[in-house]
Amino acid sequence: MATRTASARQRRPKTRWLIHLLLIVSCLVVTGPILFALIKATQPTTQVISASLIPGAQLWHNVSNAWVQADLGIYMRNSFIIAFAVTFGKTLFSLMAGMALVYFRIPFKPVVFGFILLTLMMPTQVLIVGLFDLVSKQAPPTWQALFSWIAHPLAPTPYGFNWSNSYWAIIVPFLASATGVFLFRQHFMSIPLSLADAAKIDGAGPLRFLMSILVPMSTNTIGALAVIQFVYVWNQYLWPLVIIRRTDRQVVQVGLNLIISQGQDTDWGLVMAGAIVALIPPLIVFMLLQEQFMRGFALSSEK
Amino acid sequence: MREGTPVFRSRTTAWLLLVPTLVILVIFLYYPAAQSFVLSMYRSNLILGTRKFIGLDNFRELFTGLLAPMYRQVVLQSIVFSAAVVILGLAISMAFAMLANQKVTGARFYRLLLIWPFALSPAIAGTIFSFLFNPQVGAVNHFLRMTLGIAPRWLDNPILAFSLVVGAAIWKELGYNIVFYLAALQNIPGELNEAAAIDGANAWQRFRSVTLPLLSPMTFFLVFTNVAYAFFEVFGLIDILTKGGPVGPSALHLDNAGLTTTMIYRMYQDGFGGTGSLGFAGAQGVVLLFLVAGITVLQFRYGGRNVHYGGGS
């Protein structure tokens, strides 16, 4: 028996090498295409379209060309603004709603919670037809027009927010999150209630309680939600494609396609540089908050 | 019960905390969802701004009219596409995650290499693949020309194009799936497998009767996130790689639409492409809403109550 247990732990060298070999193959499958893009981003234009896979010295040249001439810099700025705004707003609003659902008396609480959860069935991609009118149409010119709009919610949208080509169009609709509210609610319910009672006896109001007890105790959930939301917003494609028509307001994911179709022949070195640059911010966020993400989401039974 | 013993009594504060979330959900999710139903009953044009009530004509057109063969093909393609992405993608991810979970030297390094594409986007995957598989200057055809003397036209041949989109979609999602499978694997106590080994179970038996069942809650979660991914998120990848084309082979009666056109892509084309038929696209949006509702109901029924989409809204 002892020998078998030992063999389970210390495998024969042959098996070990096989595992290493398979692991190297799987790492190549997963990272190969990115590695390829990275190599191509370093090569001079003439070499990019050849079969050569030898790294060149033109990385900075390609990146700065993409950044300035192909507007990558503008796309990146736009993506940064919306990704930070949405991540911050969504986390804050979800935290607030989760707190209300756990620590306050709310009439018809299950109904309110159900009303929030039901939006899991409404992915934005599916709603773009309805959302487009609402976000892009002219604002109601008079109060009367506004009231008549509200009075007839089931007529086709007559007015809207007039937000096409503005950041608001890709920020505001995403500030609420059923996923976020759900995660915070579950997490708060696992915190002993005695803590809240003690805080209250010490004279802490809701805001003090939120800032000095709930937030410090929720770093894993906050980190997990921030990762999920940042990656989600940064990678969004369909809605910006539909609602943003001005290139100087476009996000980087759609911008990549604009860089591909720029000019007669695609400058693939530039495009690969753009793809690598566009991948870096969500990658950094994921790497920085990986621990919290694992503990607050991937390993939780609350998914 | 915790629900019955609220700590704070102020109703005003409670509603102030809830209002931002509720207002945004009502205005930007519930109202547009309802508007999808409303618009689906109109002939509405994006460019002209015209609107005419036509009842259920848009749905008739989708299911029995002239465009019904097109829509049937698109629905079929979406189902085949997501089945391929989910089944192959999860099988590969599970295998890679199990490899990375082995106790070998450098395991941490391998794991890091395998999970970092978590942050990858469909658009970036589409961009890289459209260069890799570019018929003239792509690396894959350079290689095939040198070794086999062939240069397939990846984006013009319908079967190749479909396989390419499936492959790219699977590859993009590998990082995401491996992160979750690795997390689940690391939660499985090592003694379980050791005990099974002592009882004489071989590697395959240990996998079948220990690891696979213990991974099933995670597989269940990933099946649903991957279905949602294959139906909705993959849009950016398709838009960059194939734009929904090329038209399928007529021998198989798949020439009514581009072979890589999924339901969401067709909705985009009809509503915001050349014709701008928002009402017709709205009807497709309604079909998709019912589909999401059906999937969510399945998920809640078979997965208990503690499941939901990761990422998403």
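In what follows, every chain begins at residue 1, and chains take the letters A, B, ... in the order their sequences are listed. Heavy atoms only: backbone and side chains are in, while hydrogens, waters and symmetry mates are out. All of these numbers come straight from a predicted model, not from anything done at the bench.
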Checklist entry - Can you say whether Ile27(B) sits under 4.5 Å from chain A via the side chain, the backbone, both, or neither, judging by heavy atoms? => result both
Checklist entry - Where on Met146(B) is there a heavy atom nearer than 4.5 Å to chain A: the side chain, the backbone, both, or neither? => result side chain
Checklist entry - Which bit of Ile264(B) comes within less than 4.5 Å of chain A, counting heavy atoms only: side chain, backbone, both or neither? => result side chain
Checklist entry - So which of Asn134(B), Leu278(B), Leu120(B) has the biggest tally of heavy-atom pairs under 4.5 Å with chain A? => result Leu120(B)
Checklist entry - Given the options Ala33(B), Ser130(B), Ala119(B), which has more heavy-atom pairs under 4.5 Å with chain A than any of the others? => result Ala119(B)
Item to check | Heavy-atom proximity to chain A below 4.5 Å, by part of Asp239(B) | outcome: both
Item to check | With Asn141(B) via side chain to side chain donor-acceptor pair (under 3.5 Å) - residues at least two apart | outcome: Trp154(B)
Next on the checklist: Is Leu114(B) close to chain A through its backbone or its side chain, or both, or neither, when contacts mean heavy atoms under 4.5 Å?
Outcome noted: both
Checklist entry - Is chain A contacted by the side chain of Ser44(B), its backbone, both, or neither, given a heavy-atom distance below 4.5 Å? => result neither
Checklist entry - Any side-chain donor-acceptor pair under 3.5 Å between Tyr110(B) and Ser26(A)? => result no
Item to check | Top contributor to chain A interface from Tyr42(B), Tyr30(B), Trp116(B), Phe96(B) [non-hydrogen pairs under 4.5 Å] | outcome: Tyr30(B)
Checklist entry - So which part of Leu174(B) gets closer than 4.5 Å to some heavy atom of chain A, the side chain, the backbone, both or neither? => result side chain
Checklist entry - chain A: which of Tyr31(B), Phe37(B), Tyr268(B), Trp15(B) shares the most heavy-atom pairs with it under 4.5 Å? => result Tyr31(B)
Checklist entry - Do Tyr176(B) and Tyr229(B) have ring centres separated by under 6.0 Å? => result no
Next on the checklist: Between Val23(B), Val286(B), Leu291(B), Ile115(B), who has the most heavy-atom pairs with chain A when the cutoff is under 4.5 Å?
Outcome noted: Ile115(B)
Next on the checklist: Between Phe129(B) and chain A, with a heavy-atom cut-off of 4.5 Å, which part of the residue counts as in contact: side chain, backbone, both or neither?
Outcome noted: side chain
Checklist entry - So with a 6.0 Å cut-off around CZ of Arg11(B), is the heavy-atom count from everything else above 12? => result no
Item to check | Asp133(A): side chain to side chain donor-acceptor pair (under 3.5 Å) partners, not counting sequence neighbours | outcome: Arg51(B)
Checklist entry - Which region of Ser40(B), side chain (C-beta onward) or backbone (N, CA, C, O), has a non-hydrogen atom less than 4.5 Å from a non-hydrogen atom of chain A, or is it both or neither? => result neither
Checklist outcome for this item: Greatest number of non-hydrogen atom pairs under 4.5 angstrom with chain A, of Leu16(B), Val179(B), Val297(B), falls to Val179(B)
Item to check | Val38(B), part contacting chain A, at a heavy-atom distance under 4.5 Å | outcome: side chain
Item to check | Heavy-atom contact with chain B under 4.5 Å, split by part of Ser50(A) | outcome: backbone
Checklist entry - Non-hydrogen atoms of chain B under 4.5 Å away: do they reach the side chain of Leu134(A), the backbone, both or neither? => result side chain
